[in-house]
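Written below as structure tokens is the structure these notes are about.
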Amino acid sequence: MELTRRSFVKSTAVALASAAAAGTLAGCSSLAGTGADAAASGEGVKTVGVCRFCGCGCGVIVEAKDGKVVSVTGDPENGSSRGLNCVKGYYLAGALYGEDRLTVPLIRDDKATKGTPDGLREATWDEALDLVAGKLRDTWKADKSRLAFWGSGQQPIVEGYCTAKFWKAGLLSNNIDPNARLCMASAVVGFMNVFQTDEPAGCYADIDETDVFVTWGANMAEAHPMLYSRLTARKLADSAVRHYDVTTMTTRTSASADKVITFRPGSDIAIANAIANYLIVHDKYDHDFVADHVQFKQGTENIGNATDDGYDKSDIGQAVDNVEPITFEAFAARLAPYTLEYASELSGVPVEDIQELAEVFADKSRRVLSLWTMGVNQHNRGTWMNHCIYNIHLLCGRYALPGDGAFSLTGQPTACGTAREVGTFSHRLPADLVVKNPDHRRYTEAVWDLPNGYLDAIETPGYHTVKMFRELSKGGIDFLWSAHNNWAVSMPNLTRFLGRGDLKGINDAFICVAEVYPTLSTQYADVVLPAAMWVEREGAFGNGERRTAVFEKAVDAPGDAKWDLWMLMEIAKRVLAGEQIGGEDAFDHLFGAWYDADAAAFKGSDREVCASIWEEYRTFSNPDLNPDAAAINTEAKLKMEAKQLAPYEEYIHNHGLTWPVREVNGQWLPTLWRFCDGKQEDGFDQYGIEAYGEHDKAGGVSFYKSADKKPSVVFRPWEPPAEEPSDEYPFWFCTGRLLEHWHTGSMTRRVPELDRALPEALLDMNPADCERLGVTDGDRVRVTSRFGTCDITVSTAGRTRPPAGMVFAPFFAEETLVNLVVQDTYCPLSKEPDFKKTCVSIEKIEG
Amino acid sequence: MKKTNVMAAAVLACALGGAALAGCSGAAETGPAYNPGEPPLMTASHEGRFERLGAKGCYGCHGVNGAGEPMLAAASPLPADHYAGGDTASREIDGPRTECLTCHPVAQE
């Protein structure tokens, strides 16, 4: 089917206008049966916000009364969610008001109490800040390789920006990494390798327009509920729409699938390669698109597994990023062994099912949208599998077109906006810049007003997340500061990192945890800093479709809880006391525009501070705001304005905008379909293509950020998982999220309704396995891998239905702590751990 | 959801008899209180019902009939904004809201 751009724009506009006029996009209901507006009490002050939890980035309206949030409803004017939300979002107010909010700083005097709920005493802010800053400064002065910050894809944008600036420019350290390393790193490296830019080309509206959904390793119904609601709505609206769920086990997402393709764990690359091979062998690829837009490569192979600490520095570990150009014919020859039969043999998927899926991609009369998330990313070959999905889409000319594309779904609310766009990774600088590149360092120096060459001290990337925790567990790091995460529950291989049994663990390091509730991580902290949460201060998130959205401050934080940004400023001023940059006081040079160190206060309201920091940050992608940066941008051909951002107020006024945002006749217009030619006012990338791309290329797209304007199709072979079931460990163990609880449940488990809906983490098992092991629903079992052990209750009626030989458990429950068992083996390219394929034994224990 | 399907759902719900309807009602009067904007949980007796019946099953009790009355008088009614076009007269659940479990999971007690 050929949908012209004009008809597409028209149909989209009509649909949106109709929905808005009819009010069908309004928020959810109260029990009384009223709509969004009526659901709120109507007596409080309403502010615009965005949900605190997943990467969907749903817009919300927050109503506060008498200093308390009293309702959260969907925001129909938010372009990502159009008034929709999920149960977590509607209960956001409850997440603020758990009975045990942290409201005063806490200090641990006796390290022997670590790992217990005891041992923390109340302290003043000055005492806590002096202690943290003193430890950080001492470590920094002694050996700056022994300090670390572990951040988050939940750290709001300006906070992440300032943290990166403090760590990279203030401390000259790259030992900063976010928990986004655990969820999106494989997607990031995939984007950078293929397109040389870290961003999805499409947007959520693709869901409303496609004809065929292919979900790869994605349980959207639980992990991206708002988007799944749109998927099912699309199916409901058109009976011809199809859904193929490519998965290792049946999930709630499978319910909408016309065909569930269940493959053996780790064999997805073989399936993807077989599809690509089929397209070429049967001459069903898009010749024009390939000729205009694609270059072919192959890379280092037989790369083993990053299980041992020495992997990164091994010969193969040093070579994993290498690629070389090859011809189309050579690429086809590499794919040739991947016949349908070979892929079937490896995957267990019938030949005819793989062929049917290949034919879906071959049929150019229908649009196809691939959607994927952690099943692809948390994979010992996660980066490679990202490549393989793009390979298919680029071969058949299905990328960056409305409803026709490949869309990597993001896990966290601002994994894109902060971790990726701001650059809180150990190898990154803001706006896709990397520490290794001298031109990128010069550009950053210009924006941050640093002496020329100042950032050469950080040209080597620091510790990625797993490396950071491995170093902590063997005494290689003395200071850790974490914020917006709960590493003691979410990290893999916790048996090692928490020092269970006779293992050393990370207890010797000085650990500062900024938190809103007591967690398992605070039990290992030397200092706990009580943080303001969500709308208790202003912030902004960047979601999975490049949309930046602001959440306004609605209420004050409880007790003495403080904004993380204030904590950062207070610690930074202490650590940098007496230091200079360019002959000026170092702290004032970096942060003086926003913070009065003597007064211990910001120079303005939350809004003014956020707007001012944003203005500096957006200089990275608006080089005309800084003449020195503009000159470097031109000379080094960095194309920084290709991901242009708007002034701060525009994001509030518009309830979020998708970048690049272009100024046209005094208006700031978002881009929905990146690299797709068309009018900016209709959401296409008009100004990007006019500036850097080419018109009239195949498909009406132009990949102007890619080298030679041609994304890379890289041949990646199937290689086996890091470990496979054996007599000793006969089951695959897969972990993940379920609808009601966000990550480690530190917020959502304090909401009574969410806790009532999902009170316990269960081990989902296949009935045949239960029968063989002599266990039944409700029995307690011990799950053991070569990494560790946990005890859990069995269910055959759980949310997922694993095939025989596989089990699943969610990771939200601290009392179960499934990550004691999970391997910390990571993708050698992205360094993202494989949470999906640990091999385990299961034995019944007395309950 | 087409009107014919809605009627079929209503018939189905009736055919399932008392067991099917158990727990449908009463939550509004005797169950936990919800704050404005908070979607109520399904009661534990609804376990597995959405998986078996889908949104049609929900509509069969909580939607309106041709007279604009709830299918099951004691069931908490779907609010107007859950209907196509925001109009109960459509007798059709708005597309993105047919995944009822997204906002109304089942309470486990």
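Note that the structure is predicted; figures quoted are calculated from it, not measured. Chain identifiers are assigned alphabetically (A, B, ...) following the order of the sequence lines, protein sequences preceding nucleic acid strands; residue numbering begins at 1 within each chain.
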Can you list every salt bridge (charged side-chain N to carboxylate O under 4.0 Å, His left out) pair that touches residues 222-232 of chain A, not counting sequence neighbours? A:D208-A:R230, A:E222-A:R252, A:E222-A:R799

Cut-off 4.5 Å, heavy atoms of chain B, and the answer for A:E753 is both

I need the residue from A:A757, A:C86, A:A221, A:G94 with the largest number of non-hydrogen atom pairs under 4.5 Å to chain B. A:A757

Flag the pair A:R234 / A:F213 as yes when at least one side-chain heavy-atom distance between them is below 4.5 Å, and no otherwise. yes

Please check if the side chain of A:W534 supplies one atom and the backbone of A:C51 the other of a donor-acceptor pair under 3.5 Å. no

Examine whether an atom of A:D755 lies under 4.5 Å from a heavy atom of chain B, and if so say whether it belongs to the side chain, the backbone or both; otherwise answer neither. neither

Under 4.5 Å heavy-atom distance to chain A, tell me which part of B:E47 shows up: side chain, backbone, both or neither. neither

Candidate pair A:D245 and A:T253, rule side chain to side chain donor-acceptor pair (under 3.5 Å), full reasoning: CA-CA 8 Å; A:D245 186 28; A:T253 302; 5.9 Å; no

With under 30° as parallel and over 60° as perpendicular, where do the rings of B:Y59 and B:Y83 fit, or are they tilted in between? perpendicular

Top contributor to chain A contacts, counting heavy-atom pairs under 4.5 Å, from B:G48, B:A107, B:P105, B:A44: B:P105

